[in-house]
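Okay, structure first, notes after.
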Amino acid sequence: MGRQALSSIAILLPLITATANAVSEAPRPRGVGPDFAKYYKDATSFTCISNPELKLDVSRINDDYCDCPDGSDEPGTSACSYISPLSPKQPSRYGATKINASQALPGFYCKNKGHIASYVPFTNVNDGVCDYELCCDGSDEWEGVGGIKCEDRCAKIGKEWKKQDEARQKGLGNANRRRKELVAEAERLRKEVEDRIQTLQAQIKGQEVKVEALIRTLADVERSEKGKVVRGAGREGSWALRTVKDERDAAKSKMGELEAILKRFKEEYNPNFNDEGVKRAVKAWEDYAASQPVEEDNSARDRDLEDLLNPSSESAIKWDDFDTEEESDVELLYKFEEYLPTPVRTWVDEKLRALRITLIENGILADPHTDSPESKRVTDARDQLSSAQRDLDNDRNELTKHNEDLTKEYGPDSIFRALKGVCVNQDSGEYTYEHCFLDKTTQKPKKGGGHTGMGNFVRIEKITVDDDLPADGKGLGSGERYALKYENGQHCWNGPNRSTLVVLACAEKDEIWKIVEEEKCVYRMEVGTPAVCGVKEGHQTVLPAHNEL
Ligand code: MAN
């Protein structure tokens, strides 16, 4: 059964009841539907429906001559069919109230007993063609033009239609159930977002406190790390002390040699040569020699020092004890001093300053004035802070995303929330097309090769469509429909970025019905989904009657 028949039938369902009520009344003239019976009650005269000033004798009804300007005196013939002939769509789509103002009647009324009553356009009356789609009882060909006889097929057609209608009702039931599930799922998902927001808000508060604490910890660690000994101080310390001692010995021996030379020079020079330069040098030497303390015997002190540096000696400094990261260089120096036997302590005290410089120069002691690599403790504290800050940033970003999500448009009952990311595929020509709800559309070559993005979701729209509905109901029909707009897909050579308008209509399950490339790289998909079934704004409450399922 074609669309016209079904849609006409559907809209005229109430007429069946009206007909039943009218059974006891006087028979109506041929072609008059029950809604218009009241105009034809008078047994003697007839008043043109849209022109009440024109009164005719009843004999002029259906006399195959058009008297009334609105054609109302010829409900059962084609005599007035030239007056703004009705489009076959009109009665089915809008009902009798919306017909062209110049026409009083929607068409020739077929009772279609055993099926559903319907109007057929006046042009089809007695045109020699059986219009079974609209007039299954064949009454439109009552004159038998050219000997045609249209048998009454309403019983058979009605039975078939009933079967289909049952399937439609079942489909609609399934679609409505599915829609309810989707609404519940959408609600659940929305609650999930709200819950997550609460969790994140609490988490962020805790995380902020943690970050503040870690900032303080890092500052403390950095402070306590200043002046620290770096690892390996023991080994290097031993080496450094040895160097200091060796350098001292070398300097001492050089000094001895120089003193001996100068001493000899003073004893051996000839004062008779009145050389001012020589005299000045001798005087300087005498002053120096006089100021020098009496040379002590340092051999015991040097032996002690040797012991300190000899690892096999009992009094050797335990340099490994300095390999700790917990003590500052000040503490180290105190510790170092404790090791010293009293005889050498004073001497070592003098040398400590020089030793510290040597240690710093050799990278053994941390120099507070240089950018030496930071210690593990500082690095760890810094890492912990960075990681906590990262977690905090992530939580904040997620919170922003979820808050935005709650203000986003998700269609009627927020139902598209439940379909977001759900994908359906359909082969068409050399491609398989994919539609992922509220995400993207994609074109995939069947022969392989790269996929082409046909657009990313941008918004939900409402558009008005006016399409014929296929017999299987897999089409848009007419009225307002929800549409999903996808933009900014892969750039089209010599054209725009690809975009897709996905127009939705009620269906039992999600499926792509049709893909059209309306202009180069501008696509339109027709997609069935239970999500838009029974949606008031979309005029889809009447879908079962319109055979959309
Ligand atoms: C590919 C497909 C087509 C499109 C052309 C444009 O072949 O995406 O749909 O029309 O590119 O060059």
Side-chain angles (χ1 to χ4, degrees), residues 3 175 178 182 401 404-405 408-412 415-533 535 538-540 543 546-549:
R3 180 190 166 279
R178 176 73 189 127
L182 289 173
K401 202 185 80 196
E404 281 170 7
D405 180 79
K408 268 191 202 150
E409 174 61 48
Y410 278 105
I415 199 157
F416 294 126
R417 198 181 274 284
L419 282 179
K420 191 174 178 179
V422 170
C423 301
V424 278
N425 287 278
Q426 179 64 51
D427 285 356
S428 178
E430 50 189 303
Y431 301 103
T432 298
Y433 288 87
E434 184 177 64
H435 169 230
C436 297
F437 282 87
L438 273 68
D439 183 10
K440 60 182 178 179
T441 48
T442 315
Q443 190 183 47
K444 307 173 181 176
K446 283 192 205 159
K447 289 183 191 150
H451 297 176
T452 304
M454 297 161 66
N456 302 308
F457 176 70
V458 277
R459 65 183 165 272
I460 299 171
E461 294 179 354
K462 268 193 214 165
I463 62 160
T464 303
V465 293
D466 187 11
D467 286 359
D468 282 347
L469 196 62
D472 61 6
K474 296 184 172 182
L476 301 179
S478 65
E480 209 176 39
R481 297 285 180 265
Y482 278 98
L484 307 174
K485 185 78 180 160
Y486 299 80
E487 285 175 352
N488 226 1
Q490 199 167 309
H491 188 72
C492 183
W493 186 79
N494 240 349
N497 287 345
R498 287 174 173 78
S499 64
T500 315
L501 183 69
V502 175
V503 191
L504 305 173
C506 172
E508 207 176 329
K509 56 178 184 155
D510 302 321
E511 57 185 339
I512 300 174
W513 290 327
K514 196 171 163 188
I515 301 117
V516 194
E517 191 168 345
E518 294 187 310
E519 290 169 39
K520 194 172 172 188
C521 297
V522 177
Y523 307 86
R524 177 184 164 106
M525 280 188 193
E526 293 179 9
V527 170
T529 172
V532 293
C533 292
V535 175
H539 292 188
Q540 297 211 351
L543 279 180
H546 279 230
N547 190 28
E548 284 218 359
L549 282 169

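Remember, it's 1-based here, ligands and their atoms both numbered in the order they're listed.
Among residues at least two apart or in separate chains, salt bridge (Lys or Arg N to Asp or Glu O under 4.0 Å) pairs with a member in residues 419-442 are E434-K444.
In this structure, S478 and D466 approach most closely via the heavy-atom pair CB-OD1, 3.5 Å.
The salt bridge (Lys or Arg N to Asp or Glu O under 4.0 Å) search around E517 returns none, not counting sequence neighbours. A search for salt bridge (Lys or Arg N to Asp or Glu O under 4.0 Å) contacts involving E519 returns nothing, not counting sequence neighbours.
Contacts of ligand 1 (protein heavy-atom distance under 4.0 Å) are Y431, Q443, C492, R498, E517, K520, C521, Y523.
Between the side chain of R498 and the main chain of H491, a donor-acceptor pair closer than 3.5 Å is present.
Residues H435 and L484 are in side-chain contact: their nearest non-hydrogen atoms beyond the backbone lie under 4.5 Å apart.
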